[in-house]
Amino acid sequence: MNFKDWQILRFEKLGSTNDKALEISANAEGCYVIRADEQTAGRGRRGRVWQSLHGNLFFSLLLEFELENIGELVIISAISLYQSIKQISPQADISLKWPNDVLLNGAKISGILLEKADGNYMIVGIGVNIEKSPHNEDLLYPTTSLKEAGIQVTGDDFLMLYLRIFSNNMNILKDSGFESLRQFWNNNAKAVGDEIVVRQEKKDLQGIFRGINEKADLLLEKDEKISKITFGDVFYKE
Ligand code: BTN
């Protein structure tokens, strides 16, 4: 995949860039980036709202990808964000949080929402807090923005860098497989080897976080037994 292959469509205002990507997937050829300067109905994971604050970056990648390997796409999307921020600010304190979050100074800096589109297409919707972050009380996790953390970059520059890094990671996947990408994730994830809680609708699961497997499932060890977890929200113990 070449960075120049992306067809970039920019809109002043959209409900959700993921919805526009779904619409485009009906007649898609090649891969696309759908970007909106303003998003009025941004969606988050697990039915949550994504507050789309002015000055932040909202875009969706629309690309062909096998649904059964979705875990690989989740990990590539997240590590590409991690690597983009590291490239802009090598000293930044960043870490990865399962399944697809990136933390800056321990707070959520971005969000990724993967959805299936028409045919073989997948949508990777990404929100990056460039300038602002929401700070209301009903948020599940603390949040921050690049600007609040002292990192100056425009949405335009961040997106171009992200596309380069994402394309490069897709090439690594194609040429050498998922293993090195999985290892990168595990090496840079927060709290591997520590006790965590995974909150699901009906229960909380507690155990030692053992990283992710080749399907990007979370591995949780309890009583010397490792279970694979496919959904839930991770909480750390301070
Ligand atoms: C999360 O819950 O952390 C995921 C948030 C994903 C937000 C992005 S913003 C661009 C794209 N369009 C949406 O409606 N959602 C994603």
Side-chain angles (χ1 to χ4, degrees), residues 6 8-25 28 31-63 65 70-71 73-82 84-85 94-104 106-117 121-136 138-146 155-156 158-160 162-163 166 185 189-190 198-201 216 218 230-236:
W6 294 100
I8 302 178
L9 308 174
R10 185 169 180 173
F11 298 84
E12 263 176 35
K13 190 173 177 173
L14 287 176
S16 156
T17 57
N18 272 29
D19 290 344
K20 185 51 114 184
L22 179 62
E23 209 179 293
I24 290 170
S25 71
C31 53
Y32 300 78
V33 181
I34 295 95
R35 178 178 176 189
D37 296 330
E38 197 186 323
Q39 209 179 216
T40 53
R43 288 185 276 114
R45 281 180 60 230
R46 312 184 74 203
R48 296 183 193 118
V49 168
W50 183 255
Q51 293 182 46
S52 306
L53 303 177
H54 183 74
N56 289 344
L57 177 63
F58 319 109
F59 65 98
S60 298
L61 307 178
L62 177 65
L63 73 165
F65 204 91
I70 188 168
L73 191 56
V74 168
I75 294 311
I76 288 183
S77 309
I79 66 178
S80 301
L81 275 181
Y82 176 103
S84 301
I85 299 170
I94 43 180
S95 55
L96 295 159
K97 175 170 181 287
W98 189 84
N100 51 19
D101 274 337
V102 181
L103 305 177
L104 176 60
K108 192 167 152 92
I109 186 71
S110 55
I112 301 179
L113 177 66
L114 270 85
E115 291 179 326
K116 192 189 169 318
Y121 276 87
M122 290 292 302
I123 299 166
V124 182
I126 301 182
V128 184
N129 298 337
I130 300 276
E131 291 196 4
K132 296 186 195 128
S133 62
H135 286 294
N136 31 330
D138 50 338
L139 288 170
L140 211 50
Y141 306 108
T143 58
T144 189
S145 68
L146 294 174
D156 286 3
F158 191 93
L159 178 58
M160 290 308 133
Y162 184 81
L163 291 178
F166 180 94
W185 195 94
K190 180 172 167 173
V198 184
R199 184 157 299 163
Q200 298 185 332
E201 268 87 35
L218 182 149
T230 54
F231 69 98
D233 291 306
V234 170
F235 292 87
Y236 303 107

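Both ligands and their constituent atoms are indexed starting at 1 by order of listing.
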Which atom pairs, nitrogen or oxygen on both sides, join ligand 1 and the protein at under 3.5 angstrom?
{"from": "ligand 1", "atom 1": "2 (O)", "to": "R45", "atom 2": "N", "distance (Å)": "2.6"}
{"from": "ligand 1", "atom 1": "3 (O)", "to": "K108", "atom 2": "NZ", "distance (Å)": "2.6"}
{"from": "ligand 1", "atom 1": "12 (N)", "to": "T17", "atom 2": "OG1", "distance (Å)": "3.1"}
{"from": "ligand 1", "atom 1": "12 (N)", "to": "Q39", "atom 2": "OE1", "distance (Å)": "2.9"}
{"from": "ligand 1", "atom 1": "14 (O)", "to": "S16", "atom 2": "OG", "distance (Å)": "2.7"}
{"from": "ligand 1", "atom 1": "14 (O)", "to": "R43", "atom 2": "N", "distance (Å)": "2.7"}
{"from": "ligand 1", "atom 1": "15 (N)", "to": "R43", "atom 2": "O", "distance (Å)": "2.8"}

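No side-chain heavy atom of T17 sits under 4.5 Å from any side-chain heavy atom of F11. Put simply, the side chain of V198 does not reach to within 4.5 Å of the side chain of D233, judged on heavy atoms. I109 is not listed as a side-chain neighbour of I94, based on a closest heavy-atom distance of 4.5 Å or more.
Of the charged side-chain nitrogens involved, at least one lies within less than 4.0 Å of a carboxylate oxygen, so that R35 and D156 count as a salt-bridged pair.
In this structure, G232 and W98 approach most closely via the heavy-atom pair O-CZ3, 3.7 Å.
Remark: Q39 CD to N56 CG distance equals 10.5 Å, nearest 0.5 Å.
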